[in-house]
2 protein chains.
Amino acid sequence: MLIKYDHPTRILLALDCIIFGFDGEELKLLLVKRNIEPEIGKWSLMGGFLNEGEDLEVAAERILYERTGLKEIYFEELQTFGKVNRDPVERTVSVCLFSLINIHAHNPDAAKAQNAYWINLKNRPNLIFDHNEMVNLAIERLRYKAALHPIGFELLPEKFTIPQLQKLYEAIYDMPLDRRNFSRKILSTGLLIDTGEKNENSITKKAILYRLDQEKYQKHFNAFLNFMPDVSLS
Amino acid sequence: MLIKYDHPTRILLALDCIIFGFDGEELKLLLVKRNIEPEIGKWSLMGGFLNEGEDLEVAAERILYERTGLKEIYFEELQTFGKVNRDPVERTVSVCLFSLINIHAHNPDAAKAQNAYWINLKNRPNLIFDHNEMVNLAIERLRYKAALHPIGFELLPEKFTIPQLQKLYEAIYDMPLDRRNFSRKILSTGLLIDTGEKNENSITKKAILYRLDQEKYQKHFNAFLNFMPDVSLS
DNA sequence: TCAAAAGTGTTCTTCCTACACCCATGG
DNA sequence: CCATGGGTGTAGGAAGAACACTTTTGA
């Protein structure tokens, strides 16, 4: 590459990750209490910079791996944020990632080493830069996608019960759902396989543990499944 | 800004625009036959670079305006493309825009001055770099969004008939639709206002000209309206 | 045996789909 | 008066919403 484009602006490119988890009761975000400048001591999303000679998508996978210790997790691009002064240190354009992980597969020691914590979505602290805006957009996206696509499973352990799944949806939309209709709707997708096991943790009646039919999941991912009744999204 | 981030990589940031139009029969793309290097003589999307001191969104609006002569047109971010060698001249990350315009509001002289042409989507030429990939993704997005949101109107003139709208949807999904059901579905949204006028161009019975209820359009934009029967997207 | 959670069935209503007839226009 | 395209109505079926009872379990 000898000749370059005759344009003066070259910019630092960051990737910021919105990482959702679900503990069985509440939606959570993996946030970091910064021990580096700028904004030391404040809360922010986890992120990193795009490297020389690194594909953007590879960088996304690398950073998510560095931050969670997990590979092959669900993520998609949320949006690219590029306000001039969004980062006071220098101009930085941030490709923002939207990611869902099984909170129990995540190593809590690795998180501590990075000063990262799972924070309840509902009482999250104020974040630096434009990270609040990113999180708000991510919540919107989560609500949007989960209503139409079987995306919620990404937040659950491999084996899960229908009541767990329902609690997840109730947390996402912050509304109660009818057990009977929810159960029927989910089962009618044919995406769940009865493992034959029961949830031994339960105090009362043990619920059936299901796992996802991976093949059908891939195939039907883009079908509109209408998981939610009457969702009209802000 | 005295101290910068201790990271070596600063990158050129491009914006590439996928601009859809509809001539009443076919979906079209605004493409440019390049008269500059690299890849002179080949077809590409229209684009530009992000400037120093310019917000990303402002750059998007600027470039769309430079390329179409139109302001306040519908656009959204499609995706950011960042493969290392996607541009042979130098590493360039491209924020790809997805835009819908009223083809008749577009100035054909301005287009010619830029060597730009409206090309039928179905027999579009091969494009440079990763632009084919961008277009394919944009078609997918168009089909996705138009099935759920009242986005199609952006491609039509201010006043339009229901048969025109139906032809648009048939072009987007490349499938015939039932006139009666389509009409009922569209009218039931309450988004159309009867202008009292009729389409004088028609040879036979003159169709009613409608216009969009802008207020309802804004308010209901994010409601899922289920415009399409049985759409399961790729 | 009781409380708490899980599983399942039915009815009503709504919405979607398939389909046919009539009207307006210009040649 | 006829061919072409536009407007509208209806009956049947599928899916969603509202709702209640039974089962399992451990205390």
Side-chain angles (χ1 to χ4, degrees), chain A residues 24-25 146-148 150 156-157 159-171 173 175-211 220 223-232, chain B residues 24-25 146-148 150 156-157 159-171 173 175-211 220 223-232:
Chain A
E25 295 294 332
L148 296 170
L156 293 177
K159 294 174 186 175
F160 54 87
T161 69
I162 288 182
Q164 281 170 357
L165 189 60
Q166 182 176 342
K167 277 202 169 164
L168 168 59
Y169 273 81
E170 289 177 332
Y173 297 96
M175 55 157 49
L177 296 173
D178 183 272
R179 280 170 39 238
R180 297 154 287 197
N181 293 335
F182 183 81
S183 171
R184 181 165 355 94
K185 206 177 263 190
I186 291 291
L187 287 173
S188 77
T189 64
L191 287 171
L192 299 196
I193 297 174
D194 188 336
T195 62
E197 299 167 61
K198 301 235 169 175
N199 180 13
E200 291 301 326
N201 298 335
S202 171
I203 317 171
T204 63
K205 183 169 180 177
K206 278 112 173 69
I208 299 168
L209 282 164
Y210 292 89
R211 64 184 175 80
H220 295 306
F224 300 149
L225 290 168
N226 188 18
F227 282 115
M228 294 297 299
D230 190 34
V231 173
S232 104
Chain B
E25 294 295 331
L148 296 169
L156 294 177
K159 294 174 185 175
F160 54 87
T161 68
I162 290 183
Q164 281 170 358
L165 189 59
Q166 182 176 342
K167 277 202 171 167
L168 169 59
Y169 273 80
E170 289 177 331
Y173 296 96
M175 54 156 52
L177 296 173
D178 183 273
R179 278 169 43 236
R180 297 155 285 199
N181 293 335
F182 183 80
S183 171
R184 182 166 350 95
K185 207 177 265 193
I186 291 291
L187 287 173
S188 76
T189 64
L191 288 170
L192 299 196
I193 298 173
D194 187 336
T195 62
E197 300 167 61
K198 301 235 172 177
N199 181 14
E200 291 301 327
N201 298 334
S202 170
I203 316 170
T204 62
K205 183 169 181 178
K206 278 111 172 70
I208 299 168
L209 281 163
Y210 292 91
R211 63 182 175 82
H220 295 306
F224 299 150
L225 291 168
N226 188 17
F227 282 116
M228 294 297 298
D230 189 35
V231 173
S232 102

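FYI, side chains are in, hydrogens and waters are out, and symmetry mates aren't considered; it's all heavy atoms of this structure. Quick note on labels: first sequence line is chain A, next is B, and so on, each numbered from 1.
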*So with a 6.0 Å cut-off around NZ of B:Lys206, is the heavy-atom count from everything else above 12?*
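Yes, the 6.0 Å shell around NZ holds more than 12 heavy atoms from other groups.
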
*Earlier contact from the 5' end, DNA chain C, for B:Asp178 and A:Ile208*: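 First, find each residue's nearest nucleotide; the 5'-ward one identifies A:Ile208.
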
_Would you say A:Lys198 places a side-chain N or O within less than 4.0 Å of OP1 or OP2 belonging to D:dT25?_
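No.
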
*Would you say A:Lys206 reaches D:dG26's phosphate, i.e. side-chain N/O to OP1/OP2 under 4.0 Å?*
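Answer is yes, contact under 4.0 Å.
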
Quick check for you: among [options], whose closest atom lies nearest to any side-chain atom of [X]?
X        : options               : result
A:Lys205 : C:dG7, D:dT8, C:dG9   : C:dG7
B:Arg179 : D:dT8, D:dA20, C:dA5  : D:dT8
A:Pro163 : D:dA17, C:dC16, C:dG7 : C:dG7

What is the distance, to the nearest angstrom, from the [atom1] atom on [X] to the [atom2] atom on [N]?
X        : N     : atom1 : atom2 : answer
B:Asn199 : D:dT4 : CG    : P     : 19 Å
A:Leu192 : C:dG7 : CG    : C1'   : 15 Å
B:Lys185 : D:dT8 : NZ    : C1'   : 17 Å
B:Leu187 : D:dG6 : CG    : P     : 14 Å

*Got a donor-acceptor contact below 3.5 angstrom from the A:Gln166 side chain to the A:Ser183 backbone?*
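Judged by distance alone, no pair lies under 3.5 Å.
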
_Donor-acceptor under 3.5 Å (B:Tyr210 side chain, B:Leu187 main chain)_ =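 No, the answer is negative, given that no donor and acceptor are paired below the 3.5 Å cut-off.
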
*Along DNA chain D (nearest heavy atom to each residue), the more 5'-positioned of A:Glu200 and B:Thr161*: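 First, find each residue's nearest nucleotide; the 5'-ward one identifies B:Thr161.
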
*When you match A:Asn181 and A:Ser202 each to their closest nucleotide on DNA chain D, which lands nearer the 5' end?*
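Checking each residue's closest nucleotide, the 5'-ward one belongs to A:Asn181.
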
*Please state whether the base of D:dG9 and the side chain of B:Arg184 form at least one donor-acceptor pair under 3.5 Å?*
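Check passes, donor-acceptor contact within cut-off.
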
*asked:* Between the base of C:dA20 and the side chain of B:Arg180, is one N or O donor paired with an acceptor at under 3.5 angstrom?
replied: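 Between C:dA20 and B:Arg180, which were checked side chain against base, a qualifying N/O pair under 3.5 Å is present.
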
*To the nearest 0.5 Å, how far apart are CG in A:Leu209 and CD1 in A:Ile193?*
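Here the interatomic distance stands at 13.5 Å.
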
*Pick base, sugar-phosphate or nothing for B:Ile162, based on heavy-atom distances below 4.0 Å to the nucleic acid.*
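No contact.
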
